[in-house]
Amino acid sequence: MALYRIAVTLHVLAAVLWLGHMFVWSLFAGPALKRVQPAETGEMLRERSVFLGALGWPALAVLIPTGLYQLTFRGLGLGDLVTLGFLELPDGGALAVKLLLVLWMLAYQAIWAHHRAPVAVYVNMAAALVILGASVVLVRGWT
């Protein structure tokens, strides 16, 4: 049980770090750097910040194994994920939504994370909020 709690703690901390960074950057720091004058200085600062502040991949390196461990603790393995056997569970729909959106966020991280993609950024933030909601449902149930 102690290892499970460690995995949950690491999972939550990695999610908070990644999502917190994404929200702060997208909603506050990024727009503020657009107002820096001269524009070249703001652009240089933005590029440096994005390069140095890339937390997505390190966070995913923690989130994926700890998430898979938590699923095995609940009796689900990779085979259940591949064959969609988890859909028969009471909270299978919430898990399906979470996993689909995690796949979206992986695609976002691989394709757009270090480029300008204003629409994708907001879709990604919406996906993050739905993932948080699905996570709550998985832990607490629908009621």
Side-chain angles (χ1 to χ4, degrees), residues 1-36 39 41-143:
M1 189 62 146
L3 187 57
Y4 178 78
R5 288 183 183 194
I6 291 170
V8 169
T9 302
L10 289 174
H11 195 79
V12 169
L13 287 174
V16 166
L17 181 69
W18 184 26
L19 300 178
H21 177 267
M22 176 181 61
F23 278 89
V24 167
W25 178 257
S26 298
L27 297 175
F28 302 108
L33 285 178
K34 289 179 183 175
R35 292 188 217 119
V36 171
T41 302
E43 182 62 25
M44 186 230 10
L45 289 171
R46 189 191 85 71
E47 288 175 8
R48 298 284 191 287
S49 296
V50 169
F51 177 75
L52 295 174
L55 297 175
W57 292 118
L60 285 168
V62 174
L63 288 167
I64 291 171
T66 57
L68 289 173
Y69 176 75
Q70 290 174 62
L71 288 176
T72 59
F73 192 80
R74 293 173 176 251
L76 296 172
L78 282 176
D80 297 312
L81 298 180
V82 173
T83 63
L84 304 178
F86 66 90
L87 290 174
E88 298 172 10
L89 298 173
D91 296 329
L95 181 57
V97 167
K98 181 177 180 174
L99 293 176
L100 283 172
L101 291 174
V102 166
L103 289 174
W104 155 258
M105 292 185 82
L106 285 168
Y108 172 84
Q109 184 70 22
I111 298 168
W112 296 292
H114 298 289
H115 305 290
R116 291 189 179 162
V119 173
V121 167
Y122 293 111
V123 171
N124 199 45
M125 289 192 300
L129 292 174
V130 174
I131 287 172
L132 290 174
S135 299
V136 170
V137 168
L138 289 171
V139 172
R140 298 290 182 192
W142 287 101
T143 58

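Nothing fancy with the numbering, it's 1 onward along the sequence. Worth knowing before you read on, the calculation uses all heavy atoms, side chains too, and leaves out hydrogens, waters and symmetry mates.
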Enquirer: Taking atom OG of S135 and atom NE2 of H11, what is their separation to the nearest 0.5 Å?
Expert: 6.0 Å
Enquirer: Do you know the tightest heavy-atom contact between A7 and T66?
Expert: O-CB, 3.6 Å
Enquirer: Over 60° means perpendicular and under 30° means parallel, so tell me whether Y69 and Y4 are parallel, tilted or perpendicular.
Expert: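 Answer is tilted, since the angle falls between 30° and 60°.
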Enquirer: Please name the pair of heavy atoms, one in A128 and one in L19, separated by the smallest distance, quoted to 0.1 Å.
Expert: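 Shortest heavy-atom separation between A128 and L19 comes out as CB-CD2, 3.5 Å.
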Enquirer: How many angstroms lie between atom CG of L81 and atom CG of L87, to the nearest 0.5 angstrom?
Expert: 10.0 Å
Enquirer: Once you round to the nearest 0.5 Å, how far does CG of N124 lie from CE of M22?
Expert: 5.0 Å
Enquirer: Using 0.5 Å steps for rounding, measure from the CG atom of L132 to the NZ atom of K98.
Expert: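 So the CG of L132 and the NZ of K98 are separated by 8.5 Å.
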Enquirer: Output the distance between atom CG (L89) and atom CZ (R74), rounded to the nearest 0.5 Å.
Expert: 9.5 Å
Enquirer: Just so I know, are the side chains of L60 and W18 near enough to count as touching, which here means a heavy-atom distance under 4.5 Å?
Expert: yes
Enquirer: Using every non-hydrogen atom in the two residues, find where F86 and D80 come nearest and quote the distance to one decimal.
Expert: CD2-O, 3.3 Å
Enquirer: What distance do M105 atom CE and M125 atom CE have between them, rounded to the nearest 0.5 Å?
Expert: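 CE of M125 is found 10.0 Å from CE of M105.
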Enquirer: Counting C-beta onward and ignoring hydrogens, is there a side-chain heavy-atom pair between W104 and I131 closer than 4.5 Å?
Expert: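 Answer no - side chains too far apart.
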Enquirer: Mind checking whether L95 and L76 have side chains closer than 4.5 Å, heavy atoms only?
Expert: yes
Enquirer: Exactly one of L71, L68, T72 should register a side chain to side chain contact (heavy atoms under 4.5 Å, CB included) with L78. Which one does?
Expert: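 When L71, L68, T72 are each tested with L78, the side chain to side chain contact (heavy atoms under 4.5 Å, CB included) holds only for L68.
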Enquirer: Determine the minimum heavy-atom distance between L138 and A94, stating which atoms define it.
Expert: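 Closest pair (atom of L138, atom of A94, distance): CD2-CB, 4.2 Å.
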